[in-house]
**Q** 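Take this structure first; my questions come after.
Protein chains get the first letters and strands the later ones, always in sequence-line order, with residue 1 at the start of each.
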Number of protein chains: 2
Amino acid sequence: MGVTASGRTRVLEAVRDAARFDAGPLDRRLGYWLRRAQLAVFRDFFATFESYDIRPAQYSILTVIESNPGLKQGVVGEALGIKRANFVAMIDELQGRGLVRRAPIPGDRRSHALVLTAEGARLTAELHAVSDRHEGKLIAAIGETAYRDLFAPLNALARLGEGER
Amino acid sequence: MGVTASGRTRVLEAVRDAARFDAGPLDRRLGYWLRRAQLAVFRDFFATFESYDIRPAQYSILTVIESNPGLKQGVVGEALGIKRANFVAMIDELQGRGLVRRAPIPGDRRSHALVLTAEGARLTAELHAVSDRHEGKLIAAIGETAYRDLFAPLNALARLGEGER
DNA sequence: CGACAATTGTTATGACATATAACAATCTGC
DNA sequence: GCAGATTGTTATATGTCATAACAATTGTCG
């Protein structure tokens, strides 16, 4: 417990030049930097999409429905890692804004098939362009090579706990 | 309304093999994969630290204080990107658990210097070992090379909006 | 010195995201 | 036809992030 012995002096030293900061073991903790990077990227997302009132999750939902029209609500949610209980309100809002429609599925009256409305399809196409601008800022920040090489490891990390299900 | 014209057929097709799923443009959206990866990594963090009742933010706070004893409360929070309003309750809890102490700073009765208690120092050392196990699982998932190469770009991304302050 | 501005910690509050439990309607398998 | 699974839904709790306002204290400057 060397800390206790020299505690007082070390405190005073640190207070004196509080400007200096040592991340310590933290700068080799992947989760920490993933979190910091994700927050910063989302902040840029919000800034870029400001005039559209679209959050990241909403953009991802619209994109998945666009690429997979008619998927059951639960499947879309699961694909995005969103619990179905939380997914309901999200679809409610997109439907309320006239972007998404819950269509009946012949043969299963429990489920809903999600499809984009005409307006939803138009907006989603526009959002892709906006998203490209956002992505461009990320590339500018880290370089094309690093950008390209990020996807594979992030993908692998995202599948971490997949065995346990 | 081109969507309406072919809408019905496409819906039925998609419903038929709902198992298939196309991420579409989403798999080239860095923010999406950052988020997914971060959530999965945090889930593993929670699993690994289960018996300690320690969240990622708490571990980061303890680590920063350990590496920089005596830093003012606001400085520690800012270093971790935590707004000082939100930081208060976090320190309250760590203090309540006897891990952190708010020490007076001579010459400034507004500020508090944060230091680990003996118990806090002991626990933090133990947490580093646990964190190493956690980190080992991440390395196992993506390989040492990819792991090592992740830090630089994540660091750069985390500094994205830094010019605007 | 004394008014005024800036800093620091704090409280209160709101918007979101995430998680679980319980329920009704519906479907499936036997 | 009945028991159990599936699907969407509601309700609820917790955690994270953000902003505004305030009191105490400190710094600035005429």
**Q** In plain terms, say whether B:D92 and B:R102 are close enough for a salt bridge, that is, a side-chain N and a carboxylate O under 4.0 Å apart.
**A**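 Answer for the salt bridge query: yes.
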**Q** Indicate the ring-plane relationship of B:F45 and B:Y59, choosing parallel, tilted or perpendicular according to the 30° and 60° boundaries.
**A**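 Aromatic pair B:F45/B:Y59 classed tilted.
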**Q** Want to settle it: does A:G81 or A:G107 sit nearer the 5' end of DNA chain C, counting the closest nucleotide to each?
**A** A:G81
**Q** Touch check for A:N86, heavy atoms < 4.0 angstrom, all strands: base, sugar-phosphate only, or nothing?
**A**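 Answer is base: heavy atoms of A:N86 come under 4.0 Å of a base.
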**Q** Provide, to the nearest angstrom, the distance between the CE atom belonging to A:M90 and the P atom belonging to C:dA15.
**A**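 After rounding, the gap between these two atoms is 16 Å.
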**Q** Between C:dA17 atom C1' and A:I61 atom CD1, what is the distance in whole Å?
**A**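 After rounding, the gap between these two atoms is 12 Å.
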**Q** So, is A:R55 close to the C:dA15 phosphate, meaning a side-chain N or O under 4.0 Å from OP1 or OP2?
**A**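 For C:dA15, neither OP1 nor OP2 has a side-chain N or O of A:R55 closer than 4.0 Å.
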**Q** D:dC17, D:dT16, C:dA12: which one has an atom nearest the side-chain heavy atoms of B:A85?
**A** C:dA12
**Q** Which part of the nucleic acid, if any, lies within reach of A:R109 when heavy atoms closer than 4.0 Å are counted: base, sugar-phosphate only, or nothing?
**A**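 Sugar-phosphate contact only.
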**Q** Side-chain donor or acceptor of B:R110 under 3.5 Å from a matching atom on the base of C:dG9?
**A** no
**Q** Could you pull out all residues at least two apart from A:K83 that satisfy side chain to side chain donor-acceptor pair (under 3.5 Å)?
**A** none
**Q** Any side-chain N or O of B:R84 under 4.0 Å from OP1/OP2 of C:dT7?
**A**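 For C:dT7, OP1/OP2 do not have a side-chain N/O of B:R84 under 4.0 Å.
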**Q** Is it true that A:D132 and B:R29 make a salt bridge, defined as a side-chain N closer than 4.0 Å to a carboxylate O?
**A**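 B:R29 and A:D132: salt-bridged.
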